[in-house]
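Contents: one structure, followed by commentary.
In the text below, chain A, chain B and the rest are named by the order of the sequence lines, each starting its count at 1. Just so it is clear, the model here is predicted, and its values are computed rather than measured.
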There are 2 protein chains.
Amino acid sequence: MVVTGTSRAALAYLKALYALEEESPRSGARGRLGTARRVTTSAIAERLAVSAPSATNMLKRLAARDLVSYEPYKGASLTRKGRAVALEIVRHHRLLETYLVEALGVPWEEAHAEAEALESNLSESVEERMFAALGRPRFDPHGHSIPTRNGAMPKTSRRSLWDVSDGEAVLVAQVPDSHSDALRYLAEVGVLPGVRVTIESRGPVGGPLFVRVEDNEDAPVALSKEITEAIWVH
Amino acid sequence: MVVTGTSRAALAYLKALYALEEESPRSGARGRLGTARRVTTSAIAERLAVSAPSATNMLKRLAARDLVSYEPYKGASLTRKGRAVALEIVRHHRLLETYLVEALGVPWEEAHAEAEALESNLSESVEERMFAALGRPRFDPHGHSIPTRNGAMPKTSRRSLWDVSDGEAVLVAQVPDSHSDALRYLAEVGVLPGVRVTIESRGPVGGPLFVRVEDNEDAPVALSKEITEAIWVH
DNA sequence: TTCTTGATTTAGACAGGACTAATACTGCTC
DNA sequence: GAGCAGTATTAGTCCTGTCTAAATCAAGAA
Ligand SMILES: [Mn+2]
Ligand SMILES: [Mn+2]
Ligand SMILES: [Mn+2]
Ligand SMILES: [Mn+2]
């Protein structure tokens with residue numbers, strides 16, 4: 001239980017920091033490990049819907065606990081320790097999402113919010129039981145990898161559907177998890193992880209992508225730039 | 001979701017107050033409804049392992065929100081509104097205990113603590129799904145009644161095993177839920193809700209009760225006064 | 001190299017909760 | 001009815017987290 005003694009609020013910051021580091025483009029010198037991606041104070045504040053001073057304040061306190069490395073005016077990044085804590089929460093989150101959907105039939109567009117409510121209070125023991133009950137899953141319902149018990153995060157495809165060329169067929173790897181309207185729509189039209197899709201055509205600059213979904217004889221579905229940028233494929 | 005906007009800490013006080021009111025002997029004039037049982041500040045403080053001033057402080061704040069009726073030096077009691085909130089948490093707690101034990105195989109002596117960690121973050125939607133998945137249970141694993149969705153609390157037996165006379169056979173209704181050592185022992189010797197037991201004999205004043213357990217050919221089990229007082233039967 | 005401006009941090013407050021030390025009640029005893 | 005003992009409340013702090021307003025920095029424009 002890496003997480004013990006860390007408040008819900010602090011965990012939210014660590015998780016946000018983790019997500020923002022992942023989202024940020026790989027830092028310049030490809031492969032230069034140790035070159036931690038720094039995340040700006042305002043990015044964190046925005047993500048958590050909190051004021052910038054609040055973020056500064058929390059970053060300092062996390063830095064004092066060696067969970068975050070923070071330099072004034074230069075942003076923050078997770079330390080090894082902070083990353084371990086963040087990954088533990090991510091594991092809780094994704095296991096809960098999976099469990100809620102698989103075992104309790106929670107609609108996938110609601111799973112994210114429900115999991116968020118529970119993730120910081122999940123014990124290792126219950127975590128392990130859910131993991132076993134689900135058959136040791138490797139992906140959550142949105143296709144995100146579930147970190148292992150010891151904090152390893154399997155690498156996943158980073159190619160977005162938006163970047164796929166016309167006529168090419170690809171497999172949906174993951175969809176975003178937190179925009180429930182979009183998720184409801186994706187479920188409706190069948191754009192789910194594991195499904196094969198083909199780009200049929202695309203509208204004018206920045207316009208929608210028309211995507212044909214495997215096993216769906218209907219007309220191709222229109223997907224906005226925003227959403228297709230957030231869908232990873234391989 | 002009666003509970004929204006009430007902090008984890010505040011919920012703990014309401015729940016403690018509820019439990020203490022239940023435990024207190026029915027107030028004098030049998031049946032005089034409206035005669036709310038008042039709970040002392042120190043009883044609450046002790047139950048929550050908190051200082052007396054902390055309890056005073058919280059009681060005042062709960063009173064300001066009309067969840068508790070509080071008069072200085074005279075203790076506190078739940079208002080109708082406060083009782084509804086408390087019952088909702090009790091429902092969450094007991095459903096979670098049941099779910100953890102039944103669906104995830106959590107040992108019953110651990111269920112209480114695990115449920116306590118999760119109860120204040122359980123949504124109505126997940127609550128309802130667990131309830132359905134369990135087949136709308138009416139009792140938790142320790143034999144406590146689960147309040148209904150609309151906050152009705154079924155009445156239960158209040159006769160304690162300690163008060164049963166020698167030779168009499170009774171059915172265990174409920175056991176205490178929070179002392180895990182005792183629970184582990186009870187499970188081992190088979191003293192579970194629904195099991196029939198007979199008082200074989202009893203030790204000297206305040207000494208242990210020797211109880212024969214249905215379907216258990218072994219020697220009668222010795223149970224302390226404390227534990228048997230906390231076991232209800234019918 | 002200096003200016004300007006947007007991003008950040010500092011200052012100062014506040015609410016929720018909890019603690020210790022000091023004070024004030026209450027109820028019981030004589 | 002006065003005195004005590006034990007309960008309970010008040011006073012004063014502290015810590016977490018959050019906010020707004022004010023000050024400060026860093027980086028690009030000129
Ligand atoms: Mn999610
Ligand atoms: Mn864990
Ligand atoms: Mn319990
Ligand atoms: Mn509920």
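- One can place CD1 of B/Ile44 at 15 Å from C1' of C/dG17, the figure rounded to the nearest angstrom.
- In summary, B/Arg47 and B/Glu23 engage in a salt bridge, as defined by a charged side-chain N under 4.0 Å from a carboxylate O.
- Checking D/dA26, D/dT18, C/dA18 against every side-chain atom of B/Tyr13, the shortest atom distance belongs to C/dA18.
- Rounded to whole angstrom, the span from the OH atom of A/Tyr73 across to the C1' atom of C/dG6 amounts to 12 Å.
- Residues of residues 46-60 of chain A having a heavy atom closer than 4.0 Å to DNA chain C, listed by number: A/Ala52, A/Pro53, A/Thr56, A/Lys60.
- No more than 12 heavy atoms of other residues, nucleotides or ligands shown are found within 6.0 angstrom of CZ on B/Arg80.
- Separation of the A/His112 and A/His179 ring centroids does not fall under the 6.0 Å cut-off.
- Look at CZ on A/Arg8: it is 18 Å from P on C/dG16, rounded to the nearest Å.
- When the side chain to side chain donor-acceptor pair (under 3.5 Å) test is applied to A/Thr148, the partners found at least two apart in sequence or on another chain are A/Asn150.
- Using bins of under 30°, 30° to 60° and over 60° for the plane-to-plane angle, the ring pair B/Trp108/B/His142 lands in the parallel bin.
- Remark: A/Thr41 is in phosphate contact with C/dT9, judged by side-chain N or O atoms under 4.0 Å from OP1 or OP2.
- Within a 6.0 Å sphere centred on NZ of A/Lys74, heavy atoms belonging to other residues, nucleotides or ligands number 12 at most.
- One can place CG of B/Leu62 at 15 Å from C1' of C/dA15, the figure rounded to the nearest angstrom.
- Separating the CD atom of A/Glu71 from the C1' atom of D/dC25 is a distance of 14 Å, rounded to the nearest angstrom.
- Residues B/Gly75 and A/Ala10 each lie close to DNA chain D; by heavy-atom proximity, the contact nearer the 5' end of the strand is made by B/Gly75.
- For B/Ser42, counting side-chain heavy atoms from C-beta on, the closest listed nucleotide (C/dT8, D/dA8, D/dT9) is D/dA8.
- The shortest distance between the side-chain N/O atoms of A/Thr40 and the OP1/OP2 oxygens of C/dA7 is not below 4.0 Å.
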